[in-house]
J.: 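Take this structure first; my questions come after.
Values in this document were obtained by computation on a predicted structure and should not be read as measured data. These numbers come from the heavy atoms of this one structure, side chains and all, not from hydrogens, waters or symmetry mates. Letters A, B, ... mirror the listed sequences (proteins, then strands); counts begin at 1.
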Number of protein chains: 2
Amino acid sequence: MVLDRIDRRLLRYLQQDCKQTNKELSHKLDLSVTAVYERIKKLERTGIIKGYEAHINKDAVGLGFLAFCHIRLEKHAKETIGSFEKEVRKLNEVLECFHVSGEYDYLLKVVVKDMEHFRNFMVNKLTTIEHIGSTQSSFTINEVKNTTQLTLSDDAS
Amino acid sequence: MVLDRIDRRLLRYLQQDCKQTNKELSHKLDLSVTAVYERIKKLERTGIIKGYEAHINKDAVGLGFLAFCHIRLEKHAKETIGSFEKEVRKLNEVLECFHVSGEYDYLLKVVVKDMEHFRNFMVNKLTTIEHIGSTQSSFTINEVKNTTQLTLSDDAS
DNA sequence: ACCATAACCGAAAATTTATCTGAATGTTCC
DNA sequence: GGAACATTCAGATAAATTTTCGGTTATGGT
């Protein structure tokens, strides 16, 4: 599917606030309500819009501790990688896990309540996964910027 | 505001899909539509729900290259930190920036179209910021897990 | 020019959100 | 225990939104 300028603007608005009414969007985009409706449905059908999520304040729900864990595996055999990734996916403290280039193999974003819970997570969950060579963690001191909104230019991708 | 078991389940559902109707939620939670409505409004008022965002497929919009940059500052004077953070916030390729403990001072998540754009970002944007001591980048080879959904237990925080 | 397709619009129908009233429950203070 | 108050909930209704529908206007290909 090819996105035109209007689609891109629409996606920008929906990234900011997906609960806007189609009427509001129709004004912003200078289209009819139906046209907005059909464009959105198409973006959903084609998988460009993957879903709609409420964004919740993690501090307010007692999950104010954010850390990153760099992990090196013992060896890089296919089954080692496979089983490590499978286990990591199960850990709900881990919001993100990327296989990355460089000194370490994986980078994990971990969210828990506090340092004590983090210690517990490390000792009883993360480091019990097999084939982990070494880990190195850093704690977040300050959130300078934290968004999920991709910047879509108006012109073609 | 104190969250009870129902609030926590509600937040879980809304994190997964915030476009569900209150009627659907009322069935899942075994409440009236109005009760669901009022709980949601309260969660919005108190800032526990920060907003509602469409989640869009970054590959589909031509932003399939994800990298992490570790940055060390030259010195850690207050104004150095302040000006660095201010400049980073302006860069729309940077979705996240955290001041972290450990070997490096900052960890950045960067999303661009491809390696060429990344090179361009590094040369013409990131490294033009003053007071940067050294940087180290790693590229994402594979997304093992990538969610924004916090895991809320049913019991009190 | 012609056909096929896609995109758009406005109005009507279906559904949902939002408001309001009153009942049920719980808490505090005497 | 019981009165006064706040909180939570349910059901009915009003207001607003989503969704469907028929028809019109662009667009692209032959």
Side-chain angles (χ1 to χ4, degrees), chain A residues 1-57 59-62 148-150 152-157, chain B residues 1-57 59-62 148-150 152-157:
Chain A
M1 169 178 180
V2 180
L3 300 176
D4 64 13
R5 178 171 288 115
I6 298 175
D7 289 317
R8 294 181 159 264
R9 287 177 54 209
L10 177 52
L11 288 172
R12 265 211 312 261
Y13 294 134
L14 291 175
Q15 278 190 111
Q16 286 160 16
D17 174 12
C18 68
K19 286 259 188 153
Q20 294 173 84
T21 64
N22 293 343
K23 197 175 174 184
E24 288 175 291
L25 292 166
S26 74
H27 288 135
K28 292 182 185 175
L29 297 169
D30 200 26
L31 280 181
S32 71
V33 173
T34 310
V36 171
Y37 173 80
E38 283 170 351
R39 277 176 183 268
I40 293 175
K41 287 299 156 197
K42 188 172 177 186
L43 291 165
E44 290 172 357
R45 271 201 314 277
T46 56
I48 290 171
I49 294 176
K50 287 167 90 174
Y52 300 96
E53 301 169 358
H55 184 206
I56 84 173
N57 182 335
D59 296 318
V61 296
T148 54
Q149 293 173 36
L150 308 172
L152 301 175
S153 60
D154 275 347
D155 16 273
S157 66
Chain B
M1 171 180 178
V2 181
L3 300 175
D4 64 12
R5 178 169 288 117
I6 298 176
D7 290 318
R8 294 180 158 264
R9 287 177 55 208
L10 177 53
L11 288 171
R12 262 210 317 259
Y13 294 134
L14 291 174
Q15 278 190 109
Q16 286 160 15
D17 175 14
C18 68
K19 286 263 189 149
Q20 294 172 84
T21 65
N22 294 342
K23 197 175 173 185
E24 289 175 291
L25 292 166
S26 74
H27 287 135
K28 292 182 184 174
L29 296 169
D30 202 26
L31 282 180
S32 71
V33 174
T34 311
V36 171
Y37 173 79
E38 283 170 351
R39 278 176 181 266
I40 292 175
K41 287 299 157 199
K42 188 171 178 187
L43 291 166
E44 290 172 357
R45 270 201 316 278
T46 56
I48 289 171
I49 294 177
K50 287 168 91 173
Y52 300 97
E53 301 168 358
H55 184 206
I56 84 173
N57 182 336
D59 296 319
V61 295
T148 54
Q149 293 173 36
L150 308 172
L152 301 176
S153 60
D154 276 346
D155 16 273
S157 65

J.: At how many degrees, to 10°, do the end axes of the helix from C:dA1-D:dT30 to C:dC30-D:dG1 meet when each uses five pairs?
T.: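 Rounded value for the end-axis angle: 50°.
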
J.: Looking for any heavy atom pair under 4.0 Å, which part of the strands does A:Lys19 touch: base, sugar-phosphate only, or nothing?
T.: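 No contact.
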
J.: If you draw a 6.0 Å radius around NZ in A:Lys28, do more than 12 non-hydrogen atoms from other residues or ligands fall strictly inside?
T.: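 More than 12 heavy atoms, drawn from other residues, nucleotides or ligands, come within 6.0 Å of this atom.
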
J.: Checking contacts here: which listed nucleotide (D:dT17, C:dA18, C:dC9) is nearest the side-chain heavy atoms of A:Glu38?
T.: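 Among the listed nucleotides, the one closest to the side chain of A:Glu38 is C:dC9.
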
J.: Distance check needed: C:dC20 P versus B:Lys41 NZ, whole Å only.
T.: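 That distance rounds to 15 Å.
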
J.: Measuring from A:Arg9:CZ to A:Arg39:CZ, what's the distance to the nearest 0.5 Å?
T.: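 If we round to the nearest 0.5 Å, A:Arg9:CZ and A:Arg39:CZ are 10.0 Å apart.
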
J.: Rounded off to whole Å, could you give me the CD1-to-C1' distance for the A:Ile40 and C:dC8 pair?
T.: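 Computing the A:Ile40:CD1 to C:dC8:C1' distance gives 15 Å.
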
J.: I'd like to know if the side chain of B:Glu53 reaches the main chain of A:Thr148, judged simply by a donor and an acceptor atom lying under 3.5 Å from each other, with no hydrogens or angles considered.
T.: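 Not confirmed, B:Glu53 side chain does not pair with A:Thr148 backbone.
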
J.: Please determine whether a side-chain nitrogen or oxygen atom of A:Lys42 lies at a distance below 4.0 Å from atom OP1 or OP2 of C:dA6.
T.: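 No.
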
J.: Using side chain to side chain contact (heavy atoms under 4.5 Å, CB included) as the criterion, point out the one residue from B:Val33, B:Ile40, B:Thr34 that pairs with B:Val36.
T.: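 Per the side chain to side chain contact (heavy atoms under 4.5 Å, CB included) rule, the option paired with B:Val36 is B:Ile40, out of B:Val33, B:Ile40, B:Thr34.
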
J.: From C-beta outward on B:Val33, which listed nucleotide comes closest to its side chain: C:dC8, C:dT17, D:dT19?
T.: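 Output: C:dT17.
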
J.: Would you call B:Glu38-B:Lys41 a salt bridge at under 4.0 Å N-O?
T.: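 Salt bridge absent between B:Glu38 and B:Lys41.
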
J.: Kindly say whether B:Arg12 contributes a backbone atom to a donor-acceptor pair with the side chain of B:Gln15 at under 3.5 angstrom?
T.: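 The answer is no, because no donor-acceptor pair under 3.5 Å joins these two groups.
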
J.: What is the separation between atom CG on A:Leu25 and atom P on C:dC8, rounded to the nearest whole Å?
T.: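 In whole Å, C:dC8 P and A:Leu25 CG are 14 Å from each other.
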
J.: To the nearest angstrom, how far is A:Arg39 atom CZ from C:dC9 atom C1'?
T.: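 Nearest whole value for this atom pair: 13 Å.
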
J.: Considering only C:dA11, D:dC9, D:dA12, which nucleotide approaches the side chain of A:Thr34 most closely?
T.: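 Nearest to the side-chain atoms of A:Thr34, counting from C-beta on, is C:dA11.
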
J.: According to a strict under-4.0 Å criterion, is B:Lys23 in side-chain N/O contact with OP1 or OP2 of C:dT15?
T.: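 No, because none of the side-chain N or O atoms of B:Lys23 sits under 4.0 Å from OP1 or OP2 of C:dT15.
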
J.: Within the structure, does a side-chain N or O atom of A:Asn22 lie under 4.0 Å from either OP1 or OP2 of D:dT17?
T.: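 False: A:Asn22 side-chain N/O out of range (4.0 Å or more) of D:dT17 OP1/OP2.
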
J.: With a 4.0 Å limit, can you tell me whether A:Tyr37 has a side-chain N or O closer than that to the phosphate oxygens OP1/OP2 of D:dT20?
T.: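 So the side chain of A:Tyr37 is within the cut-off, an N or O lying under 4.0 Å from OP1 or OP2 of D:dT20.
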
J.: Can you check the B:Arg5 CZ to D:dT8 P distance for me, whole Å?
T.: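 In whole Å, D:dT8 P and B:Arg5 CZ are 16 Å from each other.
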
J.: Regarding A:Lys50 and B:Asp59, does a basic nitrogen lie under 4.0 Å from an acidic carboxylate oxygen?
T.: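 Looking at B:Asp59 together with A:Lys50, the answer is no, because their closest N to O distance does not fall below 4.0 Å.
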
J.: Measure from CG on B:Leu31 to P on C:dA24 and round the result to the nearest Å.
T.: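 Atom CG in B:Leu31 sits about 18 Å away from atom P in C:dA24.
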
J.: Side chain of B:Ser32 only, please: which of D:dT19, D:dA10, C:dC8 is the nearest?
T.: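 Nearest to the side-chain atoms of B:Ser32, counting from C-beta on, is D:dA10.
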
J.: Could you tell me whether A:Thr21 contacts a base, only the sugar-phosphate backbone, or nothing, with contacts defined as non-hydrogen atoms closer than 4.0 Å?
T.: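 Sugar-phosphate, no base atom in range.
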
J.: Starting the side chain at C-beta, find the nucleotide from C:dA18, C:dC8, D:dT18 nearest to A:Ile6.
T.: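 The nucleotide sitting nearest to the side chain is C:dC8.
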
J.: Can you check whether A:Cys18's main-chain N or O pairs, donor with acceptor, with B:Lys19's side chain at less than 3.5 Å?
T.: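 Pair found, side chain donor or acceptor close to backbone of A:Cys18.
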
J.: Tell me: CG of A:Asp7 to P of C:dA6, nearest whole Å?
T.: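 After rounding, the gap between these two atoms is 15 Å.
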
J.: To the nearest angstrom, how far is B:Gln20 atom CD from D:dT18 atom P?
T.: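 Going from CD in B:Gln20 over to P in D:dT18 covers 16 Å.
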
